[in-house]
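So you know, we letter chains A, B, ... as the sequences are listed, proteins then strands, and number each from 1.
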Protein chains: 2
Amino acid sequence: MADIISAQDLSGGRLSDQDTVALIELLFFAYRDFVSDPDEILSQFGFGRAHHRVVHFVGRDPGMTVQQLLDLLRITKQSLGRVLKELIDKGYVFQKEGESDRRQRLLYLTAKGEELRLRLMLPQAERIRRAVAQSGGDAAQLYRKILYHMVNPENRESVRDWIERAAAIGEESGEHG
Amino acid sequence: MADIISAQDLSGGRLSDQDTVALIELLFFAYRDFVSDPDEILSQFGFGRAHHRVVHFVGRDPGMTVQQLLDLLRITKQSLGRVLKELIDKGYVFQKEGESDRRQRLLYLTAKGEELRLRLMLPQAERIRRAVAQSGGDAAQLYRKILYHMVNPENRESVRDWIERAAAIGEESGEHG
DNA sequence: GAAATTATGTCAGCCATATTGACATATTTT
DNA sequence: AAAATATGTCAATATGGCTGACATAATTTC
């Protein structure tokens, strides 16, 4: 491991300016590469990142409402509209009328959509696994903590709720833990 | 600390699917909030994220060439063009003819530009510091390792070079470590 | 039962930021 | 002198956000 990648001063507990800036920049570079894998796959389908998000989150919580998806993505109805329509037209997503509330259009992935979701997730999962494995120790646990604490305090509850719910769905639908 | 935020299975060393997906999603949510602070400041200036990147990297390596900036940002000359022109016109960046090569237009921040750079960095630095502090242990060192290993292997050298060079510049120009 | 609210969809236009291709100028290298 | 390099600029196109307005169907409230 190169020296540059190890923080230089952890003595006092508070991060030095140098180390803090290095983390900011590393996050920028890491995130850029992190999204580059799915980007390439998406371009083969004529899709963009917006499509990825929809496919991912719908696949993780099948039957979610349009409004739930909007709240999660924090975009406008109009922005979602185009991508969702396209995904439906091309057969990756389908809608089902809500049973208890027939105004709702519950969202589901088709088999084709689920296939795409997994294909997009694979390189990201591999990247995370590799990075965690190469970092040794309790890397995963600590990484999770740090990312969680980087979320705005007022958003943490909804993020936690999401992760919790999606994990429960994953269990019952056979994603082996 | 809530149970949900701690990885559930670290026994074997290999991350479970559940934990891996949770990390993918946490990275998405964390990055979104991470960029939201500068976004808000930028909008007050009529700037966007592209301006942020230019101001940040030029400020970290004053005198860099346009080509170096293009390589770092991995965007086209035309994309950079508008943003750079705007920053120059509004007095945040200025250019100086290269001494050894007079074709080059070396990039520097004005005092106003440096002020903006620091203002944009502050909330991100605070967020990182808080997250690391709240995560305990060797969080910073491990976080740095993980982010570094999330960068594509073929890009690691340039990322390491950048961090190294920028750190050296920071030292000499008085950013206290 | 009428009125208000909610969930969803759609039209139109605007903005920021990315792209490609083409072309121009000045300077350096061969 | 010719080729390559560093930079700048014009034009057209795409993606994915945004706002505002309006429409329909279903549910909730009074």
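As a whole-Å value, the separation of B:L70 CG from C:dT20 C1' is 15 Å. Atom CZ of B:R105 and atom C1' of C:dT28 are 13 Å apart (whole Å). Rounded to a whole Å, the NE2 atom of A:H52 is 13 Å from the P atom of D:dG16. At whole-Å resolution of the value, NZ in B:K85 and C1' in C:dT17 are 17 Å apart. The CD-C1' distance, from A:E86 to C:dG9, rounds to 16 Å in whole Å. A:Q67 places its CD atom 17 Å from the P atom of D:dT27, with the value rounded to the nearest Å. Per the geometry, CZ belonging to A:F45 stands 16 Å off P belonging to D:dT15, to the nearest Å. A:L80 places its CG atom 12 Å from the C1' atom of D:dG17, with the value rounded to the nearest Å.
Looking at which nucleotide of DNA chain C each of A:R103 and A:L84 is closest to, the 5′-most match is held by A:R103.
Of the residues in residues 94-102 of chain A, those with a non-hydrogen atom less than 4.0 angstrom from any atom of DNA chain C are A:Q95.
For the residue pair A:N152 and B:R32, no side-chain donor N or O sits within less than 3.5 Å of a side-chain acceptor on the partner. Remark: the A:S16 side chain and the A:D19 side chain contain an N/O donor-acceptor pair separated by less than 3.5 Å.
Of the side-chain N and O atoms in B:T76, one or more sit less than 4.0 angstrom from OP1 or OP2 of C:dT19. Residue A:S79 places no side-chain N or O under 4.0 Å from the OP1 or OP2 atom of D:dG16.
Side-chain atoms of A:L109 and A:E115, non-hydrogen and from C-beta on, never get closer than 4.5 Å to each other. Looking only at side-chain heavy atoms (C-beta outward), B:V66 and B:Q104 stay at 4.5 Å or farther from each other.
Set against C:dA7, D:dA21, D:dT9, the side chain of B:K77 has D:dT9 as its closest nucleotide. Checking D:dA11, C:dT10, D:dA4 against the side-chain heavy atoms of B:Q78 singles out D:dA11 as nearest.
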Go through it in stages, so that I can follow the logic: the residues are B:F57 and A:F28, the test is ring-ring contact (aromatic ring centres under 6.0 Å, His included), and I'd like the CA-CA distance, side-chain angles, deciding distance and then a yes or no.
CA-CA 12 Å; B:F57 287 113; A:F28 169 73; 5.6 Å; yes
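A:Q68 contributes a side-chain N or O that, together with a main-chain N or O of A:T65, makes up a donor-acceptor pair within less than 3.5 Å.
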Under 3.5 Å between N/O atoms: give me all the protein pairs with nucleotides 14-16 of chain C, atom names plus distance.
none

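In this structure, A:F47 has its ring center closer than 6.0 angstrom to the ring center of A:Y92.
Remark: B:R103 engages B:D101 in a salt bridge (Lys or Arg N to Asp or Glu O under 4.0 Å) (not counting sequence neighbours).
A cation-pi arrangement is not found for B:R160 relative to B:Y148, the charged atom failing to lie both closer than 6.0 Å to the ring centre and inside a 45° cone about the ring normal.
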